[in-house]
Number of protein chains: 2
Amino acid sequence: MTSGADLSRLSLNTATTKLLTLTEAVDGAARAGYGAVGLWRDRVQEIGADKAAKVVADAGLRVSSLCRGGFLTASDDAGIASALEDNKAAIVEAATVGTSELVFVVGGLGANPGPGEPARTSQDTAERDAGRDIVATRQRVADRIGDLAPFAAEHGVRIVLEPLHPMFAADRAVVSTLGQALDLAAPHPADVVGVVVDTYHVWWDPDLEAQVARAGAEGRIASYQVCDWLLPLAADPLLSRGYMGDGYVDFPTITRWVSATGYAGDVEVEIFNQQIWDTAGDVVIRTVAERYAALVQPYL
Amino acid sequence: MTSGADLSRLSLNTATTKLLTLTEAVDGAARAGYGAVGLWRDRVQEIGADKAAKVVADAGLRVSSLCRGGFLTASDDAGIASALEDNKAAIVEAATVGTSELVFVVGGLGANPGPGEPARTSQDTAERDAGRDIVATRQRVADRIGDLAPFAAEHGVRIVLEPLHPMFAADRAVVSTLGQALDLAAPHPADVVGVVVDTYHVWWDPDLEAQVARAGAEGRIASYQVCDWLLPLAADPLLSRGYMGDGYVDFPTITRWVSATGYAGDVEVEIFNQQIWDTAGDVVIRTVAERYAALVQPYL
């Protein structure tokens, strides 16, 4: 299906082939003709960042991004210090593995009352009330980005803000739209703070075309990630991502919007999906390539 | 808990007490001191709109809204005609039961490939591709609102656009933000097309404060609906709504934003939640009143 297809900008995010080691994923991607891989820190740390860099380079691939930094919403001193420390380590890792793009999932709210447990009658009402303050939580994200930006710049690494689908606003990311991510990036140089356009998270946004154009004009598109929105949602909604073409996302249209900005970087496929994880790695790598060749590459 | 609390603006949406008949729900709301009820068409149709109007009026309550019209996204002639016919009937029903506010859920995309079924290899690829075109789908919503607005105006009924959480963009509503709903309403008079601010659907929106202010300035806030965002999501995400205080929504803040616009209408509580539906109606009605008195009413 993909014979002759140009896969030079296709990047396999290692989360898509979750059960493969970094070396196995890199080998599979290289054999299939991909141009790059996106790495998760857990797989990098198994062999060390220096060795990971060598594995990828020896295979003739690029590292399109490192996933991930972030979780910046702590309000207590210890939590803030821990977040800064972890993200500085991630910045160093990104530079070491050979990518300038470190994807950030910024973190969610502090409130976590659990279903059916009435917060108003518990001891921690005040803490929970503060934990629900999404405006203040977003300000802490902005503050932490400001703290980290100089360190990232020194290491030649870009903090890449990932707006997550609003379904994850409570527990994973209080940054929910591309426009909001760009507003957070605005105080910083474009090569220090950027954004990722992940179709799964932003396909629904009525302002998407305008914000993609803005992101491109500002030079902040650090990564274009593609996967599909499946229904019904998986029991763990994080795992509802699917192969391009299996769900509701209009890949030709969004890809044209991204391409129209002049974006010339890699197109990373990052799919969390139990059924895909249970499929043989080479089958997954081939299927991703086929769908990319049919639904994305022609519109780049 | 609610003795002495001012419940005059509190409205019980009959979906919250799903198992009660309209008459039972109205009686329960009246006994508990609520000022209004929001009605669903299924419960209205059981006894007829005229009788429903009398039941509510006899109890000394207002009808804050009728749920619901909408589902405007069909692209074929028969689907369009059916949507217009059904919505005209709903408009007449709203006027008959004595409310000017008819809530619209606008409908989702046409594509429905189902998980794991590759759309690209099926016969209906063209149809599915069209079904994924969210830009065109939204235009059809705008067109149908234009078709219906004169009829609604003649009957003194407002088409109330409900932005739904982006989690429902594929299957229920391609209108996902308050700003987008206001853009759709903009060509029409404020008393003909309005919006509902439902905390469940919009709490996450980084632009919420500005768009609530805009909605108020434009005179388009037709309803303020409150319920909480629970995690983990229910197996059917529609049923993940909860009592105020049980989840992540910052009710004091959002209520202040709504109140600052001068909104003086009812505050409707519409909760879809199996556990709440399995609870005795009077317990639900009392709990809603308690949470409203603690978390919403003081900030109006």
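Here is how names work: the chains are called A, B, and so on, in the same order as the sequence lines, proteins then strands, and each is numbered from 1. Given the structure is predicted, the values throughout are model-derived calculations rather than measurements.
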Under 4.5 Å from any heavy atom of chain A - which part of [X]:
X: V135(B); value: side chain
X: P237(B); value: side chain
X: D207(B); value: neither

Just do the side-chain contact (heavy atoms from CB on, under 4.5 Å) check on L10(A) and Q297(A) with the steps written out, would you? CA-CA 9 Å; L10(A) 179 57; Q297(A) 197 279 331; over 6 Å; no
Where I134(B) and L109(B) come nearest, the two heavy atoms and their spacing: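 Closest heavy-atom pair between I134(B) and L109(B): CA-CD2, 3.8 Å.
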Closest approach of D183(A) to R214(A) (non-hydrogen atoms, all atoms of both residues):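 Minimum heavy-atom separation between D183(A) and R214(A): OD1-NH2, 2.8 Å.
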Under a 4.5 Å heavy-atom cutoff, which of L233(B), N273(B), V174(B) has the most pairs with chain A?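 Maximum pair count with chain A is reached by L233(B).
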Assess whether side-chain contact (heavy atoms from CB on, under 4.5 Å) is satisfied between V269(A) and I271(A), documenting all intermediate values. CA-CA 6 Å; V269(A) 178; I271(A) 308 178; 3.7 Å; yes
Select, from V249(A), T253(A), V175(A), the one with the greatest count of heavy-atom pairs under 4.5 Å involving chain B.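 Of V249(A), T253(A), V175(A), V249(A) has the most heavy-atom pairs under 4.5 Å with chain B.
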Which one, A169(A), G108(A), A234(A), P206(A), leads in non-hydrogen pairs under 4.5 Å with chain B?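 Of the candidates given, the most pairs with chain B belong to P206(A).
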Less than 6.0 angstrom from the centroid, inside 45 degrees of the normal: does R132(A) satisfy that with respect to the ring of Y248(B)?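 No.
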